[in-house]
Amino acid sequence: QLQLVESGGGLVQPGGSLRLSCAASAFTLDYYTIGWFRQAPGKEREGVSCISRSGSITNYADSVKGRFIIYRDNAKNTVYLQMNSLKYEDTAVYYCAARLGDHNICEDMDRWGKGTLVTVSS
């Protein structure tokens, strides 16, 4: 079954770091543009970061720019989101999603994972 599986979420104190992983099951991420999205309680889902298939183009929401880094390791069939200097407002369920092809932005995603919860709390 073709799946995206997120991992790495958890409880972290403000100012701390986490690294989220997005791994693919039964297909290769090499052919996909990958995005990270999040949904906080009571809020709509929002885009966090996006990386093109080639890895040459990345973009970030203004709220995470300078704190989060997206990168991919095609040998491990995994895309990562390194989250630093975490804030209370980063608390959300984080989802990764894939879109076939090489794209500059993450929209109209084809496949979605089930999400991993990140809680920033003291």
Side-chain angles (χ1 to χ4, degrees):
Q1 187 176 0
L2 305 181
Q3 286 185 324
L4 288 171
V5 180
E6 304 93 337
S7 61
L11 175 65
V12 62
Q13 293 186 340
S17 297
L18 281 176
R19 188 181 74 165
L20 304 184
S21 300
C22 174
S25 174
F27 70 104
T28 178
L29 291 180
D30 288 13
Y31 301 108
Y32 290 82
T33 294
I34 304 297
W36 283 98
F37 299 78
R38 68 185 180 186
Q39 187 166 21
K43 295 188 177 181
E44 293 188 354
R45 187 173 63 198
E46 62 174 349
V48 174
S49 184
C50 183
I51 186 167
S52 63
R53 172 189 170 187
S54 64
S56 61
I57 297 174
T58 59
N59 52 61
Y60 300 90
D62 287 343
S63 59
V64 307
K65 207 170 290 184
R67 300 188 297 122
F68 290 11
I69 301 170
I70 189 171
Y71 60 102
R72 60 195 307 157
D73 185 340
N74 288 341
K76 294 185 178 180
N77 207 26
T78 302
V79 172
Y80 301 95
L81 184 68
Q82 177 66 43
M83 306 189 297
N84 301 320
S85 303
L86 283 161
K87 304 176 180 180
Y88 291 113
E89 52 264 41
D90 294 318
T91 294
V93 177
Y94 284 71
Y95 301 88
C96 69
R99 182 185 180 192
L100 187 64
D102 200 11
H103 306 281
N104 294 339
I105 59 174
C106 283
E107 59 183 11
D108 299 325
M109 308 307 281
D110 301 320
R111 305 184 188 281
W112 290 84
K114 294 182 178 181
T116 185
L117 177 63
V118 172
T119 303
V120 183
S121 175
S122 56

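Every value quoted in this text rests on a predicted model; they were computed, and no experiment measured them.
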Student: Could you state the interatomic distance from OG1 (Thr91) to NZ (Lys43), rounded to the nearest 0.5 Å?
Tutor: 10.0 Å

Student: Checking Glu46 now: which residues fulfil salt bridge (charged side-chain N to carboxylate O under 4.0 Å, His left out) with it, not counting sequence neighbours?
Tutor: Arg38

Student: Hey, any chance Ile34 and Ile57 share a hydrophobic cluster, counting ILVMFWY side chains that come within less than 4.5 Å of each other, even indirectly?
Tutor: no

Student: By side-chain contact (heavy atoms from CB on, under 4.5 Å), which residues pair with Lys87, not counting sequence neighbours?
Tutor: Arg67, Glu89, Asp90

Student: Using residues 115-122 as the side-chain source, report each donor-acceptor pair under 3.5 Å to any protein atom, sequence neighbours left out, with the distance given to one decimal.
Tutor:
unit_1 : atom_1 : unit_2 : atom_2 : d
Thr116 : OG1    : Gly9   : N      : 3.2
Ser122 : OG     : Tyr88  : OH     : 3.3

Student: Please enumerate all residues that pass side chain to side chain donor-acceptor pair (under 3.5 Å) together with Ser17, with sequence neighbours excluded.
Tutor: Asn84

Student: Under the rule for ring-ring contact (aromatic ring centres under 6.0 Å, His included), what residues qualify as partners of Phe37, not counting sequence neighbours?
Tutor: Trp112

Student: Quick check for you: to the nearest 0.5 Å, what is the distance between Leu20 atom CG and Phe68 atom CZ?
Tutor: 8.0 Å

Student: With ILVMFWY side chains joined below 4.5 Å, transitively, what does Val5's cluster contain besides itself?
Tutor: none

Student: From Thr78 OG1 over to Tyr71 OH, what is the distance, rounded to the nearest 0.5 angstrom?
Tutor: 10.0 Å

Student: List the atom pairs, donor and acceptor, that lie under 3.5 Å between side-chain atoms in residues 23-31 and the rest of the protein, sequence neighbours left out.
Tutor:
unit_1 : atom_1 : unit_2 : atom_2 : d
Thr28  : OG1    : Asp30  : N      : 3.3
Thr28  : OG1    : Asp30  : OD1    : 3.4

Student: Output yes when a side-chain donor or acceptor of Ser21 lies under 3.5 Å from a complementary backbone atom of Glu6, and no otherwise.
Tutor: no

Student: For residues 51-122, which residue pairs qualify under disulfide bond (SG atoms under 2.5 Å apart), counting only residues two or more places apart or in two chains?
Tutor: Cys22-Cys96, Cys50-Cys106

Student: Could I get the full list of side-chain contact (heavy atoms from CB on, under 4.5 Å) partners for Lys65, not counting sequence neighbours?
Tutor: Tyr60, Asp62

Student: Applying side-chain contact (heavy atoms from CB on, under 4.5 Å), name anything that partners Asp102, two or more places apart in sequence or on another chain.
Tutor: Thr33, Ser52, Arg53, Ser54

Student: Measure the spacing between NE2 of His103 and CD1 of Ile51 and express it to the nearest 0.5 Å.
Tutor: 14.0 Å

Student: What's the spacing between Met83 CE and Ile70 CD1 if we round to 0.5 Å?
Tutor: 11.5 Å

Student: Which residues pass the side-chain contact (heavy atoms from CB on, under 4.5 Å) test with Glu107, not counting sequence neighbours?
Tutor: Arg99, Ile105

Student: Might you point out which heavy atoms bring Gly113 and Tyr95 nearest each other, and give the distance in Å?
Tutor: O-CD2, 3.6 Å

Student: In this structure, would Val12 and Leu81 fall into the same cluster of hydrophobic residues linked by side-chain contacts under 4.5 Å?
Tutor: yes

Student: With sequence neighbours left out, which residue pairs that include part of residues 109-122 fulfil the salt bridge (charged side-chain N to carboxylate O under 4.0 Å, His left out) condition?
Tutor: none

Student: Determine whether Met109 and Tyr32 fall in the same hydrophobic cluster, where Ile, Leu, Val, Met, Phe, Trp and Tyr are linked whenever their side-chain heavy atoms lie under 4.5 Å apart.
Tutor: no

